[in-house]
Structure formats: C-alpha cells, structure tokens
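Remarks on the structure that follows.
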Amino acid sequence: MEPMREPMQSILKEFPVEAGSLIPILQKTQEAFGYISPQAVERISRFLKLTENEIFGVASFYSQFRFIPKGRHSITVCLGTACHVRSGGILLEALERHLEIQTGECTADGRFDLEAVACLGCCALAPVVKIDGDIYGNMAVIKIKELLEKYE
Amino acid sequence: MNKLKALAERSRAEWQALHHPDRARIYLGMASCGRAAGSEEVRKTVLAMVKKHRIAAQLVDVGCIGPCYLEPLMDIAAFGKPRISYGNVNPAKAEMIIEKHLRRGEIVRNLAVGHFADAPCDDLPEFFAQPMLKHQVRIVLKNCGFIDPENIRHYLARDGYSGLQKALELSPDQVIEAIAQSGLRGRGGAGFPTGKKWQICRETGREPRYIICNADEGDPGAFMNRSLLESDPHSVLEGMLIAGYAIGASMGTIYIRAEYPLAIQRLKTAIRQMKENGLLGRRILGSAFHFDLKIKEGAGAFVCGEETALIQSIEGQRGMPRTKPPFPASSGLFGAPTVINNVETLGTVPHILRNGPTWYRQFGTEGNVGTKTFSLVGKVRRTGLIEVPLGTPLRKIIQDIGGGPQKTFKAVQTGGPSGGCLPEELLDTPVTYESLAAAGSIMGSGGLIVMDRDTCVVDVARYFLDFIQRESCGKCTSCRVGTRHMVEILERICKGEGEIDDLNKLESLARTVKSTSLCGLGQTAPNPVLTTLRYFRNEYVEHVVGKYCPALVCRSLIEYYVIPDKCTGCQRCVGVCPTGAISGPRSEPHNLDKTKCIKCRACLEICRFDAIAGNAIAIRTRGES
Ligand SMILES: Cc1cc2nc3c(=O)[nH]c(=O)nc-3n(C[C@H](O)[C@H](O)[C@H](O)COP(=O)(O)O)c2cc1C
Ligand code: FES
C-alpha cells in the first residue's frame with residue numbers, strides 16, 4: 001500500500017470532494033494502475049467520505065472497471081452485433097485457447113490480458129480486435145498467432 | 001458582431017491556399033475505421049516517400065467519408081488535376097500511387113475509385129456518383145472526409161459557426177421556433193420533437209439549466225455518432241452552443257463512451273480551439289452569451305444511454321433509470337432543467353439555423369423531416385456510414401446503397417437490441433419512426449445490420465437478449481429475471497434441446513417484460529424475440545422440432561467435414577487445427593475426426609483464403625452425410 005499513496009494522492013487532489021467525482025477518479029486510477037486495487041478503494045473512500053461498499057457498488061456497475069491487474073498488452077475482442085454475426089465469439093474463444101486464459105484474466109507471464117467489449121465502433125470492418133491502442137479489422141482465427149507475435 | 005467574419009475570412013484564405021491548383025495534397029482517412037483497416041501503416045509509407053523524394057505536398061488527415069469497406073482511403077490532388085480517391089490502399093499500393101500520380105502525374109486507373117471535381121475528369125467516375133453515394137443526401141456528414149477535424153479553420157472556412165452567429169442574432173425563443181418549424185425530431189431513437197423539448201426546458205424558468213450531448217452510442221453495431229465526432233466535432237459542438245443559447249444554459253456536458261478514445265481526443269482538441277478563438281467562455285462572438293463545455297467519459301453500461309440513467313451516472317451513481325415524468329427537461333441534472341440531445345440531433349441544428357427551417361423541410365416526409373445517418377453493416381457488400389432522407393425504403397438502402405447482401409437476403413435489424421429483425425416482405429417499408437414501429441422494430445439511433453442466409457435469427461435473438469440481460473440495471477424484477485428466463489430458453493433452443501411449447505413460453509415472457517418494465521431498456525428488450533418469432537417462426541420450429549439450424553450457425557447442431565473431391569491434400573488445415581482433429585497424408589483428401597473437432601473455424605478459414613487450399617472444408621447439419 002505504501003508505494004501507492006503518492007500517485008493516489010496526486011490523482012485525488014485534482015478532484016473536488018463530491019459524489020460526481022467518483023467515476024472520474026476511478027477512471028484516472030485505472031489509467032494509472034491498470035486496475036482498481038482494494039488499497040485504491042480504501043483511499044478513495046476516505047477522500048470522498050463514501051463507504052467502500054458504496055464505491056464497489058458503483059464501480060462494479062460499469063463494465064469498464066477491473067479489479068485484477070492488467071498484462072503488458074491488453075487484448076479486447078469486440079462482441080458487438082456486427083462482429084457477432086461475423087464470428088467474433090469464435091475469435092474470442094480462439095484467443096482464450098491460444099493464451100490459455102479466460103476472458104477477464106491475465107496470462108501467467110503477464111504478457112497479455114483478455115477482455116470482451118460490446119462494439120469498438122468499427123463495425124464495417126467486423127470482426128474487430130483491439131490490442132493496446134491498435135485496432136485490427138477483418139480479423140480471423142488464423143491471423144491470431146502472427147498478430148500476437150508483434151507484441152512482446 | 002464581426003468577430004466571426006474576421007475568423008472566417010482568415011480561415012477561408014488558408015483553405016483556398018491549401019486548395020490552390022498548383023499545390024499537391026494527399027488526403028488520408030484517419031478515423032477509427034481507417035485505422036482499423038491499416039491507414040497508420042499507409043501514413044508511415046506516405047511520409048517516408050514524401051521525405052525521401054522531397055515531394056512538396058500537404059498531407060491532410062481527414063475523417064470518414066462513408067464507404068468504410070474501401071478503407072484505407074487515400075486521395076491525391078496534384079498537377080492541377082482534381083482530388084482523386086484510391087480505395088483499399090496498403091503500403092505497397094500507396095508507394096505506387098505516390099510514385100506515379102504524385103511524382104509523375106499519371107493517375108493509377110485500376111486503383112482509382114473516383115474524382116471530386118464538378119466537371120468530368122478524364123473518364124474517371126465521379127466519387128459521389130458511385131452507387132453507394134449517389135442516393136445519399138449529405139447534410140450532417142457534409143464535412144466528413146473533407147476537413148481536418150483537428151483544425152478549426154477548416155470548419156470555419158466551410159461556414160462553420162455561422163449557424164451560431166445566426167442564432168445569436170435571434171432571440172432564444174426565435175431559435176426554438178426555428179427548430180420547431182424545421183420539424184427536427186431527436187435522432188437518439190425516440191424521435192421526440194427537438195424544438196418542443198427545448199421549449200419545455202426554457203419555460204420552466206428555473207436556473208441553472210443544462211444541455212447534455214448524449215454520445216453514449218450504446219447500440220453494439222452502430223457507429224454514426226463516433227464517426228461524426230471523429231470527422232467533424234465542431235458541428236456537434238456548434239449545435240450544443242445553439243441549444244445552450246436557446247434554452248438559456250451556460251454549461252454543457254458531453255457524455256461519451258470511453259470506448260471511443262479518438263473521438264474524445266478530437267473533442268478535447270476542438271474545445272481548446274474554440275476557447276482560443278473566443279467561441280467558448282464569456283461573451284461569445286462579442287454577444288452577451290456565456291457558455292462552457294465539459295466532457296464526461298462513460299464507463300461502459302448500455303443503460304446509461306437512457307437519459308435518466310445518464311444523469312445518474314454524471315452525478316456519480318450507478319446508472320439506474322428512474323420513472324418519468326418528471327422528464328429531464330423539467331428536472332434533470334442535479335434536479336435542474338436539462339435538455340439531453342443525441343450527437344446527430346445536435347449536429348443537424350447548425351445547418352437548420354444556417355439555411356432556415358423551410359430549407360430543411362424539403363428533405364424527408366411530412367412527419368419525418370430531414371435526413372438520418374445509418375451505419376450499414378453486416379452481410380452487405382458495401383458497408384459504411386450513410387445519410388439518407390427519412391422515408392427512404394429499406395430496400396433502397398440495402399440494395400442500391402449497400403449493393404445487396406453477399407448471399408440470399410434473410411433479414412435486416414434496425415434499432416439494435418431494442419429493435420427488430422425485418423424480413424424480405426417488409427423491405428419496402430420506408431424508414432420513418434412510425435412505420436418501423438408498426439413493423440415491430442424501432443428507428444433507434446441508426447444501426448442497420450443486414451443478415452443473409454448464413455445468419456441464424458434464433459442465434460441473433462439469443463445474442464441480443466443475452467446482451468440486454470447483462471446490461472439490465474436490475475431495478476425491475478421483470479427485466480432482470482424475465483430476460484434471464486428468455487435467454488435460458490433461447491440457449492436451449494440453440495442447443496437443440498428446445499420444445500415446441502418453449503415458443504409460447506418465450507412469447508408470453510416477452511409480453512410480460514415489455515409491459516411491466518420501468519424504462520425503455522426493458523420495454524424494448526423483447527423486440528428482437530417478438531419480431532423473429534413473428535417473421536421467422538419456421539426457423540425456430542426447425543431448431544425445436546427438426547433439431548437443425550438452417551443457417552448452420554448453432555454449434556451444437558452442426559459439424560465440420562471435408563469434401564474429398566475438393567481437398568488438395570495441402571495439409572494447411574492440419575497445421576492450424578488446435579486439437580489435432582484433422583489428419584491425412586499429403587496430397588490425399590484429409591480426414592476430419594468429428595469427436596475431436598471443436599468447430600473453431602480455423603480450418604474453414606485457411607481452406608477458404610489460402611491460395612493452395614481448395615475450399616474443401618464445409619459445414620453441414622449434424623448427423624448428415
Ligand atoms: C436503453 C436505452 C439506451 C439508449 N441509448 C442511447 C444512446 O446511446 N444514445 C442516444 O442518443 N440516445 C439513447 N437513448 C435515448 C435517450 O434516452 C434519449 O431519448 C435521447 O438521448 C434524447 O436525444 P434526442 O431527443 O436528440 O434523440 C437510449 C434510450 C434507452 C431506453
Ligand atoms: S460490432 Fe464490433 S466494432 Fe461494432
């Protein structure tokens with residue numbers, strides 16, 4: 001918890017103490033640490049004078065927030081409608097198999113984490129996969145191996 | 001009030017200099033769709049070429065011009081010739097185009113899509129005369145693909161902020177009157193008259209009042225709002241300023257989903273440039289109007305697109321809808337009167353102010369005035385972002401604009417998870433709020449997904465219900481529990497474990513959820529099930545009684561096999577199969593072990609796309625041979 005205090009402090013000091021700050025603070029926290037740790041929730045709770053339960057209640061409502069650490073690279077598979085009808089679900093399964101993890105988990109070596117999302121907004125190029133900031137359209141199961149090799 | 005005039009003049013001079021016939025330009029489509037298709041790689045190649053050969057050309061990063069299926073798009077204007085567009089460019093093609101067109105002045109005909117001149121240009125087709133574009137009317141999308149969205153001067157050079165100027169010369173009531181007269185209805189789905197919404201808010205007389213731009217775009221499979229914000233952010237922001245002036249708000253919030261990082265970045269840039277040019281803050285354009293803008297990032301919840309949930313979310317709560325009335329226009333953000341408008345609604349407003357309500361009324365039909373953007377996706381040849389007058393028949397959109405389905409047409413889904421699947425017989429339905437509702441679907445925000453015979457409608461209904469069930473905020477029992485039951489039944493049917501009575505159960509559950517849910521999410525959630533049961537009952541019966549999936553999608557009901565006559569024995573599939581289900585000596589038809597096969601598509605894809613393989617892997621109904 002100690003090493004976290006300083007960065008958390010610098011996040012919190014940007015926000016007024018009011019309920020409307022909670023979601024932006026959670027977003028900033030996730031941006032800085034990759035996930036929302038129990039320690040972070042405790043700090044936010046003291047700062048906003050909300051109970052930890054209230055914070056978890058809000059955070060768990062939104063699919064953006066994660067409670068386990070991220071990998072070095074984050075893979076997001078689109079499961080929006082356009083991607084679904086073009087076999088996005090099978091793509092996700094293939095990635096789970098390839099990485100030997102479930103959606104929402106991180107590989108043991110910390111290289112990749114895997115998530116699903118409902119629409120990345122590139123539906124015309126479905127199925128779509130995003131790795132870190134890069135979006136790949138017209139994906140296919142057989143392109144996975146080569147694509148992942150680009151990310152160390 | 002000559003501030004805008006001065007700004008516009010300076011911007012026009014810059015615009016004209018950029019478009020001088022002696023100056024070469026390279027345009028690259030750098031919206032998310034372009035990037036997903038590989039435009040960043042193309043851009044790197046272009047920059048390297050320009051540097052290597054010291055080419056004097058201006059690179060203009062533009063947004064999305066619409067035909068996403070042609071991305072990456074790269075256009076060249078050089079040697080006094082008009083701008084010419086090249087589609088499906090990759091680094092190698094880009095190199096060739098630069099070499100020939102930009103360095104030597106030879107148009108690369110076989111790669112050119114069309115030109116942008118008013119007069120004929122050699123014998124190239126006109127870009128906007130292509131089938132996908134010629135049936136469209138581009139008002140909201142007017143600037144998309146033409147301006148650099150990160151350069152406010154491009155927007156200003158094309159009459160940007162003149163709608164605001166016009167508004168500021170009128171009284172707020174006159175602005176509301178103009179919008180009311182134009183007949184504009186909300187583009188977020190429900191089609192509520194925009195002028196009336198503004199009037200209700202203004203007439204409360206309570207201070208403060210707020211304007212919120214709904215950029216949550218929750219429909220999974222729709223991207224109109226993203227595309228507009230990435231390609232022409234100022235048009236939406238100008239709309240917000242006009243709305244703010246009209247209702248008497250001095251603060252606006254853009255609620256945008258976090259999955260759209262590029263749109264967020266461009267909005268931030270746009271807001272900064274507005275401040276630098278006196279278009280935000282105090283005394284805007286020298287008037288007495290003060291206004292400021294804030295961006296709030298959504299955190300990934302479909303229901304937060306619903307206006308009361310959206311407000312809860314901005315207030316830092318779980319995004320739970322509440323009962324209406326009171327409507328946000330009388331009691332919204334922190335209890336203050338609040339107008340919530342969709343991105344496209346606001347993007348239309350400046351055009352109405354600029355050209356007048358009568359001008360706007362010439363598009364569309366009597367009760368459905370104007371144009372609407374749609375994201376045309378799924379199993380259709382030409383996918384992309386389109387804009388058509390309201391009242392255009394679905395058939396025209398799918399056939400003429402989209403080029404028809406890739407295989408036999410099955411259904412078109414409008415309105416996302418709240419909408420319905422409409423069959424061939426209903427393709428002559430004009431897209432209006434009322435006619436789509438009468439067919440059991442909704443207009444929604446503009447998602448339009450085409451399905452062909454390879455799409456299973458039962459699977460699609462299951463998909464939407466599953467989506468809704470996860471996204472239900474859980475407040476009403478009927479929505480929370482009812483949708484879960486429906487998903488369970490649909491899953492059973494897809495597995496071949498359904499019974500005929502399940503169809504009646506589904507129907508009655510659907511009616512209960514529809515009539516007893518509190519918000520639009522639950523009230524519309526059963527639409528995909530109800531419409532598919534109504535128009536495609538046979539396909540359900542085939543799953544339930546025949547235990548097969550005619551589209552060959554439901555995985556428990558299908559199997560993969562090798563067509564021996566086509567198999568070249570190339571062993572490509574053996575290499576990609578993750579479970580070792582395929583075996584066979586080289587040069588002889590392979591053997592596929594059904595018990596090991598997990599139906600992961602790898603062999604199917606490699607067999608279809610690899611030059612050596614023979615398209616010999618196929619899918620059939622389980623047990624067939
Ligand atoms: C479940 C649900 C999701 C919605 N999602 C959106 C959305 O993503 N974007 C949007 O503009 N409107 C959405 N709406 C409609 C809004 O509640 C609201 O009617 C709209 O933003 C009003 O803007 P308009 O009058 O300009 O259409 C949604 C409604 C419901 C019931
Ligand atoms: S459905 Fe996958 S990007 Fe929209």
Side-chain angles (χ1 to χ4, degrees), chain A residues 18-27 30-31 48 50 54-55 57-65 76 78-91 93-94 97-98 117-126 128-130 133-145, chain B residues 32-33 35-38 40 68-69 71 217-223 226-227 258-261 263 296-302 304 313-319 375-379 383-385 413 416-417 447 449 451 455 460 463-464 467 471 473 576 578 598-602 605-606 609:
Chain A
E18 60 187 33
S21 299
L22 176 55
I23 293 171
I25 289 176
L26 288 168
Q27 283 168 331
Q30 179 150 311
E31 213 177 286
L48 289 179
L50 295 170
E54 282 170 315
I55 293 171
V58 170
S60 59
F61 184 83
Y62 298 98
S63 64
Q64 182 188 9
F65 299 118
T76 313
C78 178
L79 292 184
T81 320
C83 291
H84 175 78
V85 303
R86 288 185 177 272
S87 307
I90 292 181
L91 209 55
E93 272 182 30
R97 213 169 32 242
H98 194 91
V117 70
C119 198
L120 290 163
C122 303
C123 328
L125 298 160
V128 178
V129 171
K130 186 171 103 174
D134 310 323
I135 298 181
Y136 299 93
N138 297 319
M139 267 301 291
V141 173
I142 50 171
K143 295 185 189 165
I144 289 175
K145 197 157 160 258
Chain B
S32 288
C33 39
R35 289 180 186 211
E40 308 235 38
C68 303
Y69 76 106
E71 294 282 4
E217 191 150 83
D219 175 355
F223 58 92
R226 168 191 68 70
S227 200
E259 287 86 350
Y260 287 176
K296 276 269 179 183
E297 287 182 37
F302 173 66
C304 286
S313 175
I314 295 183
E315 291 174 356
Q317 314 288 322
R318 299 161 66 107
S375 57
L376 180 56
V377 297
K379 309 283 188 73
T383 54
L385 175 67
Q413 160 85 20
I449 294 163
M451 300 171 190
T455 315
V460 167
Y463 165 80
F464 279 127
F467 176 82
E471 293 292 335
C473 77
V576 294
I598 53 165
K599 304 161 192 174
C600 74
R601 281 184 75 85
E605 287 173 359
I606 198 113
F609 299 123

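Here is how names work: the chains are called A, B, and so on, in the same order as the sequence lines, proteins then strands, and each is numbered from 1. Just so we're clear, the structure is a prediction, and the values are computed from it rather than from any experiment.
- Considering CD of B:E605 and NZ of A:K143, their distance stands at 8.5 Å, rounded to 0.5 Å.
- If you measure heavy-atom distances from A:A118 to chain B, the contacts under 4.5 Å come from both the backbone and the side chain.
- Residues A:H98 and B:P578 fail the side-chain proximity criterion, which asks for heavy atoms closer than 4.5 Å.
- Of the residues considered (B:G319, B:A299, B:G316), B:A299 shows the highest number of contacts with chain A, using heavy-atom pairs under 4.5 Å.
- A donor-acceptor pair is defined here as one N or O able to donate and one able to accept, closer than 3.5 Å; such a pair exists between the side chain of A:R86 and the backbone of B:G378.
- Contacts with chain B were tallied for A:A82, A:S63, A:G121; A:G121 has the most, counting heavy-atom pairs under 4.5 Å.
- Listed here is the closest heavy atom pair of B:K296 and A:G20: NZ-O, 3.2 Å.
- For the pairing with A:C123, the side-chain contact (heavy atoms from CB on, under 4.5 Å) check across B:V377, B:T383, B:D219, B:L385 returns one residue only, B:V377.
- When side chains are defined from C-beta on, B:S32 does not count as touching A:L120, because their heavy atoms never get closer than 4.5 Å.
- No donor-acceptor pair under 3.5 Å is formed between the side chain of B:R318 and the backbone N or O of A:V58.
- For the pair B:Y463 and A:G80, the tightest heavy-atom approach, listed with the atom from each and the gap, is OH-C, 2.9 Å.
- Rounded to the nearest 0.5 Å, atoms CZ (B:F223) and CG (A:L125) are 8.0 Å apart.
- A:A126 does not touch chain B: none of its heavy atoms, backbone or side chain, sits under 4.5 Å away.
- When all heavy atoms of A:I23 and B:S313 are compared, the pair lying nearest together is CD1-O, 3.3 Å.
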May I have the step-by-step check of side chain to side chain contact (heavy atoms under 4.5 Å, CB included) for A:C119 and B:E217, ending in yes or no? CA-CA 10 Å; A:C119 198; B:E217 191 150 83; over 6 Å; no
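- Per-residue heavy-atom pair counts under 4.5 Å with chain A were compared for B:G298, B:G384, B:G416, B:G447, and the maximum is reached by B:G298.
- Note that CD of A:E93 is 7.0 Å distant from CD1 of B:I598, once rounded to the nearest 0.5 Å.
- With rounding to the nearest 0.5 Å, the separation of CD in A:E18 from CD in B:E315 is 10.5 Å.
- Residues A:C122 and B:R35 are not in side-chain contact: their nearest non-hydrogen atoms beyond the backbone lie 4.5 Å or more apart.
- Most heavy-atom pairs under 4.5 Å with chain A: of the set B:G38, B:S375, B:A222, this distinction falls to B:A222.
- In this structure, the portion of B:A258 lying under 4.5 Å from any heavy atom of chain A is its side chain and not its backbone.
- Using a 4.5 Å cut-off on side-chain heavy atoms (C-beta onward), B:F464 and A:T81 make contact.
- Once rounded to the nearest 0.5 Å, the distance linking SG of A:C78 with CD of B:E259 reads 9.5 Å.
- Between B:C304 and A:Y62 the shortest side-chain heavy-atom distance falls below 4.5 Å.
- Both the backbone and the side chain of A:I135 come within contact range of chain B, judged by heavy atoms closer than 4.5 Å.
- With a threshold of 4.5 angstrom between heavy atoms, B:I449 approaches chain A through side-chain atoms but not through N, CA, C or O.
- The part of A:S87 that comes within reach of chain B is its side chain, from C-beta onward, which places non-hydrogen atoms under 4.5 angstrom from that chain.
- Heavy atoms closer than 4.5 Å to chain B are found in both the backbone and the side chain of A:V85.
- Taking 4.5 Å as the limit, every side-chain heavy atom of B:P220 sits out of range of all side-chain heavy atoms of A:L79.
- For a residue to count as touching a neighbouring chain, one of its non-hydrogen atoms must lie under 4.5 Å from one of that chain's; by this rule A:I142 touches chain B with backbone and side chain alike.
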